[in-house]
Student: 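Here it is, the structure in full.
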There are 2 protein chains.
Amino acid sequence: MLAHELDARKEQILWAVIREYVARAEPVPSEVVFQKYPLGVSPATIRSGMHALTEMGYLHQPHTSAGRVPTDRAYRLYVDRLLAAERGSASPEGGWRLSPAERDRIRRRLVAREVPEEALEEAVQTLASLTEYPSVASTPRGSRRLRHVHLVPLAEDRALLVLVAECGAAEQRVLRLERPASAEELEEVSRLVSRWLEAVAGQVQGESLERLAAQARSHRELLASVVAQLRRATAARGSVRFFVEGVANILKQPEFQDVRRARPVLAALDRQEVLRDVLLPAPPEVHVRIGRENPVDDMRDCSVVAAAYRVGGRAVGVVGVVGPTRMPYARTIALVRYLAQTLSETLSRAD
Amino acid sequence: MLAHELDARKEQILWAVIREYVARAEPVPSEVVFQKYPLGVSPATIRSGMHALTEMGYLHQPHTSAGRVPTDRAYRLYVDRLLAAERGSASPEGGWRLSPAERDRIRRRLVAREVPEEALEEAVQTLASLTEYPSVASTPRGSRRLRHVHLVPLAEDRALLVLVAECGAAEQRVLRLERPASAEELEEVSRLVSRWLEAVAGQVQGESLERLAAQARSHRELLASVVAQLRRATAARGSVRFFVEGVANILKQPEFQDVRRARPVLAALDRQEVLRDVLLPAPPEVHVRIGRENPVDDMRDCSVVAAAYRVGGRAVGVVGVVGPTRMPYARTIALVRYLAQTLSETLSRAD
DNA sequence: ACCTAGCACTCCACACTCGCGAGTGCTAAT
DNA sequence: ATTAGCACTCGCGAGTGTGGAGTGCTAGGT
């Protein structure tokens with residue numbers, strides 16, 4: 001049942017069936033493999049191999065007189081080989097590279113985006129248009145570090161607290177003031193907090209926050225509510241959001257022509273908490289979840305290809321695509337990986 | 001062909017067919033109208049009325065032995081009556097009110113949201129869950145007025161320009177510095193710009209910008225790039241974005257069980273520029289676009305119900321839903337209108 | 001021992017027919 | 001003007017038959 005039980009020929013047949021099925025989206029008969037892939041054996045022999053592969057759980061036969069369809073397990077093996085190949089072994093695809101034109105296109109679309117939200121938006125759009133799959137990116141997970149804090153007067157009893165995180169993402173919180181504060185007062189508190197922020201090198205944490213709150217003399221209440229909001233913001237920054245683009249793309253896929261199949265997937269893509277389960281936590285390298293490997297049952301007919309992006313070397317978020325399990329993995333992996341890498345560069349440059 | 005050509009009975013029949021069809025999603029036969037709606041006449045008479053309505057273009061008959069389906073024109077008449085009814089005339093539905101429980105639910109979900117983005121996000125989520133249709137909201141169109149500007153040092157050659165608009169929405173732009181600027185310098189320019197902002201009452205416009213740029217003494221280049229970014233930001237703020245939620249809901253509707261019908265709609269909802277055409281410009285009151293009334297052909301099987309929301313009395317954005325033309329208009333209109341109103345209050349309160 | 005040609009077998013996909021039921025439109029009676 | 005009655009049309013689902021696709025097996029060849 002294990003991978004090494006496959007002899008060379010069975011592997012060849014399996015790769016052929018996978019490639020054909022990815023292209024045709026219909027069960028692959030032995031005859032087609034025979035004609036398109038020079039295995040040097042007759043259809044009958046191919047059939048016997050396919051039979052064996054079926055018994056081993058790598059292929060599925062919808063009905064007696066139908067060709068074969070790869071199973072999740074087949075794709076898993078294939079992807080494992082693909083990834084191993086990049087580290088030296090022989091690859092089922094002989095290695096897959098993006099064309100310079102495509103690399104260039106990706107770079108160009110991302111290069112000018114320095115505000116993280118814009119870069120992410122652009123990234124998912126690019127990915128969606130290149131892969132023709134729904135694409136997703138998570139907002140950078142809080143580098144809890146803050147770069148800057150500023151208070152802006154809003155109304156008599158309200159002020160806006162603008163927070164700028166290390167990665168450049170800005171966030172706003174509204175502060176209710178127990179008693180009206182003058183613009184000067186807000187300005188002064190801003191300076192106070194900024195100085196403290198420098199002192200603690202942006203680390204907003206329990207103890208240092210205490211010290212900030214204690215440090216108050218004249219502006220006790222104001223500082224207290226700033227501290228409270230900082231605390232809340234730091235906690236909330238754990239809660240990532242997701243950018244999603246191109247969900248309608250999934251309806252182009254033949255396997256999702258039936259609305260009953262498509263709807264669970266689209267509904268899942270609408271729900272932030274599901275995206276969280278599906279995309280996070282992601283190992284830093286590109287990773288692939290095939291069919292039932294997904295932790296969410298509604299995604300059992302989908303594969304997710306995702307990769308972490310980094311800011312200043314730290315993996316802070318994820319970009320990826322959601323497509324049918326029948327997917328050109330080599331290309332998709334290359335695209336997602338390159339996009340994640342480019343995005344990392346873009347975001348890190350803003351630092 | 002005009003509305004007043006419909007005598008009282010034909011109207012009754014038409015309202016009956018519409019109500020039934022909204023509920024059943026299947027062609028409505030005369031027998032059903034007879035049994036459920038006490039018109040005081042026999043099925044045969046109802047049939048003759050339906051026949052007339054069909055010739056007038058208010059009903060459609062899919063095939064000879066089928067019941068009737070309302071046309072866009074029928075819905076249009078119905079909605080016009082509905083809206084007129086609120087100004088006093090007799091209504092086809094006898095007026096439609098949200099239950100206090102629902103009003104309360106809407107209020108509760110919006111009341112605590114003071115940052116515009118959060119409020120809008122919450123608004124579309126609420127609308128999507130109450131209507132079970134895809135829901136959309138536009139970001140507030142630039143009140144071009146700015147409340148606050150601040151420069152934050154990012155790196156040697158970069159600074160972050162944080163803009164806070166009157167409505168409380170914050171925006172960031174990255175500034176490339178031709179030569180490194182100290183934190184103090186940035187601080188000073190921030191003050192300079194803030195003072196100018198107060199002087200012009202937040203109006204970022206051509207001539208006053210010139211004056212700001214001219215006013216530069218020591219920080220000529222820095223101010224120049226700030227002005228450039230302000231100009232760009234002011235222009236860009238004309239470009240609204242849209243929050244979209246619940247797109248998968250459309251697949252619950254029987255008329256969108258066929259992917260070929262559903263896909264154009266979902267694709268349209270994915271495209272910001274299409275949303276712009278469909279939702280903007282919106283008259284300040286709630287408005288309804290039925291089927292082919294939509295300016296986008298992909299939406300010909302949909303109706304859009306939208307209403308403007310206001311900040312400080314000015315209509316600055318739009319919330320609405322996209323559903324099938326077969327829609328409980330009275331309820332949907334009431335929901336959208338109430339939500340827009342509540343949203344307006346929430347956003348205005350932050351002022 | 002492995003491969004392959006040939007063939008019987010299975011099962012789907014498609015087309016076709018048929019009859020039923022639904023719902024209408026017409027007509028003649030009130 | 002309304003209505004009961006009825007003939008008519010049409011869609012739909014069930015049932016049937018056929019062609020073809022693709023397999024699995026087997027016997028013979030290397």
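The sequence lines fix the lettering, A, B, ..., with proteins before strands; numbering per chain opens at 1. Excluded from the calculations below are hydrogen atoms, water molecules and symmetry mates; all remaining heavy atoms, backbone and side chain alike, are included.
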Student: Between P324(B) and Y133(B), is there a side-chain heavy-atom distance shorter than 4.5 Å?
Tutor: yes
Student: For nucleotides 25-29 of chain D, print each protein N/O atom paired with a nucleotide N/O atom at under 3.5 Å, atom names and distance only.
Tutor:
none

Student: Looking only at side-chain atoms of S42(A), point me to the closest of dA4(D), dA5(C), dT23(D).
Tutor: dA5(C)
Student: By nearest heavy atom, map H63(B) and T54(A) onto DNA chain D; which one lands nearer the 5' end?
Tutor: H63(B)
Student: Students often mix this up, so state it plainly: with edges at 30° and 60°, are the rings of Y75(B) and Y329(B) parallel, tilted or perpendicular?
Tutor: tilted
Student: Can you give me the closest heavy-atom contact between S30(A) and I46(A), atom names plus distance?
Tutor: CB-CG2, 4.0 Å
Student: As a test of reading the structure: which of dG25(C), dT23(D), dA4(D) is closest to the side chain of Q61(A), going by heavy atoms?
Tutor: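 The answer is dT23(D), which lies nearest to the side chain.
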Student: Minimum heavy-atom separation for V265(B) to R261(B), with atom names?
Tutor: CG2-O, 3.8 Å
Student: For a quick check of understanding: with a heavy-atom distance under 4.0 Å over all strands, which category does S48(B) fall into, base, sugar-phosphate or nothing?
Tutor: nothing
Student: Take L83(A) and I333(A) through the test side chain to side chain contact (heavy atoms under 4.5 Å, CB included) and record every step on the way to the result.
Tutor: CA-CA 9 Å; L83(A) 296 176; I333(A) 289 170; 4.2 Å; yes
Student: Base, sugar-phosphate, or nothing for S65(B), non-hydrogen atoms under 4.0 angstrom?
Tutor: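 Base, at least one base atom sits under 4.0 Å.
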Student: Return no unless some side-chain N or O of T45(B) is found under 4.0 Å from OP1 or OP2 of dT2(D).
Tutor: no
